[in-house]
Every structure is written in C-alpha cells, then in structure tokens.
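Take a look at the structure set out below.
Order of the sequence lines sets the chain letters (A, B, ...), proteins ahead of strands, with each chain counted from 1.
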Number of protein chains: 2
Amino acid sequence: MGYLRIGELSKRTETNNETLRFYETKGLIDAPRRSEAGYRLYTADAVERVNFIVRAKRMGFSLKEVTELLSLQVEESDSTCGEVKQLAETKLADIELKIIELEKMRDALQKITAACCGGEESAVHCTILNALAAH
Amino acid sequence: MGYLRIGELSKRTETNNETLRFYETKGLIDAPRRSEAGYRLYTADAVERVNFIVRAKRMGFSLKEVTELLSLQVEESDSTCGEVKQLAETKLADIELKIIELEKMRDALQKITAACCGGEESAVHCTILNALAAH
DNA sequence: CTTTACCCTCTTGTTAACTTTAGGGTTTAC
DNA sequence: GTAAACCCTAAAGTTAACAAGAGGGTAAAG
C-alpha cells in the first residue's frame, strides 16, 4: 500500500509509461523496487521528482542539464561541497539570465496586447520585434 | 554596402551558416535578396530577428512557437487584430508561468548555495527538491 | 593569377528525446 | 474463469533541429 504503479505515476505527472521507463534508463529517476511480478512500485516522492523534471524541461533545460540540477545536493560528507556550490552558482546564473530575457519578452508582449484593439490607438503597426527594440 | 553576407550574420548571432539557411527553409527568416553570384545579402534587421530566435530558443520555445511569436503583429488592417491579441495573451500566459517556475528554481538554488559551505550550517543535507519542497 | 576564404545547392548523417511495435505475462472486474 | 486493463523487455521507428559532406562556383589578398 502507498506504492504507485507506473500508470498511476504517469497520470499524476503529465507523462506516460514509456517516458518514465525512458527516464529510468537515462538515470533521471531511480529504478524503483519491483512487485513479485516485476511491476515497478514507486513511492510518493517519485511524483515530486518527475514533476520537477517536467517543469525544468518546459523551462528549456535539456535532460542532461536536468540531471545536473537534480544532482545538486549538499551532503554531510562535505567533501564535494565546493563543486556543488560551483555548479549551483552556474545554474543560478543560467536561470537568472533566463528570467531576465523572459521578462523582456513579457514586456514586449504586454505592449502588443495593450496597443492592440485598445481603442483610439488600435490601428498602430506593432510587432514583438518592434516592441523589444523600443526597449 | 550595408548588406551582410551569411558569414557575417552568423558571426553576429551565435549561429552558423547552415543554421541560417535551415531557418530560411523553415520560414523563420525571410529569403533575403541575392547578389549577382547568388550570395545571400541580409539587411541589419536580420540580426535582430535572428537574435530574437536564438534567445527565444534558449527560453525553451520550439521553432514552431518562435514562429508564432514572430508572427505577432498588429496590422493597420486591424482585421486579424482579435486573433493576434488572443495569441499574444496565450503566449504571455506561457511566459509568465515560466517566469514563476524559474523564480521558484532560483530560490531553491539560492537556498542550496547559502546552506553550502556557509559556515555553521554547512553540514546540512540539502537538495534542490528539498529546497523546493520547503516552499 | 592563383591561392585562400567564402558562398551555393542538394543529399545524407547525427543527436536528443521520445514513441511504437512485437511478443509476451498479470490483475481486476464482471 | 475469462475478458479488459495493466505491466514487462528489447528493438526499431520518429521528430525536431540542426551538422556534415560532395561537388562546384566566387571574392579578395598577395
């Protein structure tokens, strides 16, 4: 009880069974324990992990990068702490850059929607490139 | 004068000649005028356009989605204004969601880098998933 | 005036990230 | 107890997004 079979996990993560097995072969999710018949039995935190993968992918991270993100952990051992911190900071910079660029796009799109069908100035000629150009 | 050949354009956009020709076949950039010998001659705004494509791709938009973003323009005709606004708003929602999720990741990463090698609490066991779970 | 760096088209190859197919066993609902 | 729904592996197929190669013109520097 409390275990999820693969179909249940895929339903809760907007994935499908094949993708989950694929992620397992790629090392993105741990091989779970199996039932007597060989069925995969996942615990609840698999849902978190898979959802993280799905979200990170939507952000434009490759599976290789997602693997790196997931590998980030500060252990008690503390021996690899320097590398971890280094990697985390690199990824942090990546993410901050993405946020900034997305904010620019958002502003440009807001200009477009504001200029469009907004009343008097509705007949303006405007593209996302123009909106971005106009800072 | 004032025209760029393909090599010049690729240098200014972190792309390469093959990619630019590929984007042309896919309709992401307009077929430019040609020299007598058949060389592509780009104008300066090609640089803007290609850079936009590059940035949007880094954000996790597919070429198909980039095409949609680039097609967003409010024309004087005003006939398609409703659709344009609709599409722009959909993309805007996409982008805003991405920003929010990236901000969550950023916060989680900041927690990791703060906890790591930060002095007294350096021996804490911490992963990005934990950091995300802890709100 | 020729060598070196560019450019062209067309075809084929590559990589990532799945998806589908084939050929089976297992669980569960009637 | 038998269908329908679910699960397994292994291998082949697919799609997006390029990259590379073949074979051949063009531009510009010495």
N/O-N/O pairs, protein side and nucleotides 17-19 of chain C side, under 3.5 Å:
from: dA17(C); atom 1: OP1; to: L63(A); atom 2: N; distance (Å): 2.8
from: dC18(C); atom 1: OP2; to: Y23(A); atom 2: OH; distance (Å): 2.7
from: dT19(C); atom 1: OP2; to: N16(A); atom 2: ND2; distance (Å): 3.0
from: dT19(C); atom 1: OP2; to: T19(A); atom 2: OG1; distance (Å): 2.8

Taking only Lys NZ, Arg NE, NH1 and NH2, and the carboxylate oxygens of Asp or Glu, determine whether R21(B) and E18(B) approach each other closer than 4.0 Å.
yes

Just to confirm, is there a sub-4.0 Å distance from OP1 or OP2 of dC7(C) to any side-chain nitrogen or oxygen of R5(B)?
yes

Say whether S10(A) and N17(A), considering side chains only, have a donor N or O and an acceptor N or O under 3.5 Å apart.
yes

Should L97(A) and I100(B) be counted in the same cluster of Ile, Leu, Val, Met, Phe, Trp and Tyr side chains packed under 4.5 Å apart?
no

Rounding to an integer number of Å, can you tell me how far E65(A) CD sits from dA16(C) P?
12 Å

Does any donor atom in the side chain of R33(B) or Y3(B) lie under 3.5 Å from an acceptor atom in the other side chain?
yes

Short of 4.0 Å, heavy atom to strand atom, which residues of residues 30-41 of chain B count as contacting DNA chain C?
R34(B), G38(B), Y39(B), R40(B)

E8(A)/R12(A) ion pair, N-O < 4.0 Å:
yes

Between L4(A) (CG) and dT27(C) (C1'), how many Å, whole number?
17 Å

Y42(B) has an atom OH; how far is it from atom P of dC8(C), in whole Å?
7 Å

dC8(D) phosphate, OP1 or OP2, under 4.0 Å from R21(A) side-chain N/O:
yes

Whether over 12 other heavy atoms sit under 6.0 Å from E14(B) CD
no

Cation-pi check, K57(A) to F52(A): give yes when NZ or CZ is under 6.0 Å from the six-membered ring centre and within 45° of the ring axis, no otherwise.
no

Has K98(A) got its NZ or CZ under 6.0 Å from the middle of the six-membered ring of F61(A), at an angle within 45 degrees of the ring axis?
yes

Within this structure, what is the CG-to-P distance between L20(A) and dC7(D), rounded to whole angstrom?
10 Å

Verify the contact: side-chain N or O of N17(A) to OP1 or OP2 of dC7(D), cut-off strictly under 4.0 Å; return yes or no.
yes

